[in-house]
Amino acid sequence: MTGSLIRFVRLLATLLLAAALPLAARAQPTPQPGFGVMVHYLPDKQSIGEVKRFDVETFASTLAEMRVSHLILTLGQNSGQYIAPNAALEVLCPSSVANRPPRDLPLEIGRALRSRGIALILYLPFRAPQGDRAMMECLGDVSEQEPPPARFVAAWSSVIRDWSERYGALASGWWFDGTYNTKGITPAGWEMLCSAARAGATNRWLAFNAGEGAERFSAKSAPCQNLMAGEYMQPPSHLTGPPSELVLHVLTPLTASWGRDAPARFTAAQLRTWIADAATARGLFTLDMPIDAAGRFVPAHVALIKSVTARP
């Protein structure tokens, strides 16, 4: 066998191996600070079939047109409904499978974003879905205002790990909501949760949200947290974070509330200032923007953001 043929065979073997590797095993790009968008996407339980209408390419292309660096995507909130399958949930709560579509929407979105150089951050409540009593019982959880039981910590860690490994290098971070009461979580429990969040790609942003406002947007609520949760309904005129080991992050809705289709409440000048402040601090500024069931943004919102992020 000639030297050139040997090199070709080795190259072919390498390419075949890379194609066979799961996403979790592939190299993960380092997350980069910048301006991003969050979407509260989740049709109600009566319209889970709407997931099939989501236009991933149009959605990703619009994000690219707005020059975003990252997307925070809700896997689910508190209804018990999620936009992707999860093997651990199927085992723990078999009857809940009807609230998850067969389509793996985050996987499709993650791939479309990766091709455009946009990072994907997954959103998930820190506790079991508070609006679904059956799932709370099968996961062993109680009210999010009370300490999480050890049984729940173990169960939820397995759910997080399943998605973490499934999306691997496509997921640059996790944003956990409702981290209101962590009393009683043991070091072993935290290690279980943190290890699950890092499974498949260790270099992830991890944010744990303890609540909104100046006192809590920058709080460190978990030992593995490295990114401010950032929730701030009325950000100050200039973004500065208190001295912290966490990466600066400010997250606010563009309209009057989260995911609400309404006029923008900020001017282009305000947005330019906040984006510039975040860039100076090597941090993140994220706007929550409404979308419809097909993944389409409000045209007026897109036009505003494009005017802000357009290169001179």
Side-chain angles (χ1 to χ4, degrees), residues 31 36 38-40 42 70 72-80 82 86 88-89 120-132 135-136 139-164 171-199 204-233 235 241-242 244-253 257-259 283-284 286 288:
M38 180 182 195
V39 293
H40 277 70
L42 190 67
H70 60 274
I72 302 179
L73 174 69
T74 48
L75 290 179
Q77 295 168 67
N78 277 310
S79 67
Y82 301 96
N86 186 289
L89 269 178
L120 172 64
I121 300 173
L122 302 172
Y123 168 108
L124 192 68
F126 186 66
R127 303 293 291 270
Q130 301 289 291
D132 190 322
M135 282 196 69
M136 287 184 68
L139 291 168
D141 201 12
V142 294
S143 167
E144 63 187 3
Q145 302 299 330
E146 300 175 21
R151 176 192 162 201
F152 165 73
V153 171
W156 206 229
S157 295
S158 69
V159 172
I160 294 168
R161 179 175 291 277
D162 186 89
W163 274 319
S164 282
S172 293
W174 279 102
W175 200 94
F176 295 105
D177 203 2
T179 316
Y180 303 131
N181 192 329
T182 60
K183 185 178 180 181
I185 300 182
T186 64
W190 276 121
E191 176 55 32
M192 196 180 303
L193 286 164
C194 292
S195 174
R198 291 187 296 245
R204 283 190 176 127
W205 282 314
L206 300 178
F208 294 78
N209 185 35
E212 186 272 334
E215 299 299 320
R216 291 181 286 189
F217 86 104
S218 61
K220 183 173 183 177
S221 302
C224 56
Q225 182 170 348
N226 55 20
L227 175 69
M228 293 179 185
E231 185 181 355
Y232 219 140
M233 289 300 295
S244 173
E245 64 189 89
L246 305 179
V247 173
L248 173 70
H249 181 212
V250 171
L251 165 66
T252 194
S257 189
W258 307 101
L284 286 72
T286 307
D288 178 77

Closest approach of [X] to [Y] (non-hydrogen atoms, all atoms of both residues):
X	Y	result
His249	Phe217	O-CD1, 3.7 Å
Gly189	Ile185	C-CG2, 3.9 Å
Ala222	Trp190	CB-CZ3, 3.4 Å
Ser158	Ala88	O-CB, 3.5 Å
Phe152	Gly140	CB-O, 3.4 Å
Trp205	Leu227	CB-CD2, 3.9 Å

Spell out, as yes or no, whether a donor-acceptor pair under 3.5 Å connects the side chain of [X] to the backbone of [Y].
X	Y	value
Glu144	Val142	no
Arg204	Ala171	yes
Gln225	Ala219	yes
Glu231	Asn209	no
Thr286	Gly36	no

Nearest 0.5 Å, please: how far is [atom2] in [Y] from [atom1] in [X]?
X	Y	atom1	atom2	answer
Leu248	Met228	CG	CE	5.0 Å
Met136	Asn78	CE	CG	9.0 Å
Leu251	Ile121	CG	CD1	9.5 Å
Ile160	Arg198	CD1	CZ	12.0 Å
Asn86	Leu75	CG	CG	9.0 Å
Ile72	Asp288	CD1	CG	9.0 Å

| said: Is a donor from one side chain sitting under 3.5 angstrom from an acceptor on the other, for Ser164 and Trp174? | reply: yes

| message | Under a 3.5 Å cutoff, is there a donor and acceptor pairing between the side chains of Arg127 and Ser143? | response | no

| task | State, with a plain yes or no, whether a side-chain heavy atom of Pro242 is found less than 4.5 Å away from one of Ser218. | result | yes

| task | Find out whether Pro149 and Asp141 are in side-chain contact, i.e. whether some heavy atom of one side chain is under 4.5 Å from a heavy atom of the other. | result | yes

| When you look at Phe176 and Leu193, which way does the side chain to side chain contact (heavy atoms under 4.5 Å, CB included) test go after all the steps? | CA-CA 11 Å; Phe176 295 105; Leu193 286 164; over 6 Å; no

| Do Met192 and Trp156 pass the side chain to side chain contact (heavy atoms under 4.5 Å, CB included) test, and can you show the C-alpha distance, the side-chain angles, and the key distance before you say yes or no? | CA-CA 10 Å; Met192 196 180 303; Trp156 206 229; over 6 Å; no

| task | Determine, step by step, whether Gln77 and Asp177 satisfy the side chain to side chain contact (heavy atoms under 4.5 Å, CB included) criterion, reporting the C-alpha distance in whole Å, the side-chain angles of both residues, the deciding distance to 0.1 Å, and the verdict. | result | CA-CA 9 Å; Gln77 295 168 67; Asp177 203 2; over 6 Å; no

| request: Using ring-ring contact (aromatic ring centres under 6.0 Å, His included) as the criterion, point out the one residue from Phe208, Tyr82, Trp175 that pairs with Tyr123. | output: Trp175

| task | Decide yes or no on side chain to side chain contact (heavy atoms under 4.5 Å, CB included) for Asn226 and Val247, but give the supporting numbers first. | result | CA-CA 6 Å; Asn226 55 20; Val247 173; 5.7 Å; no

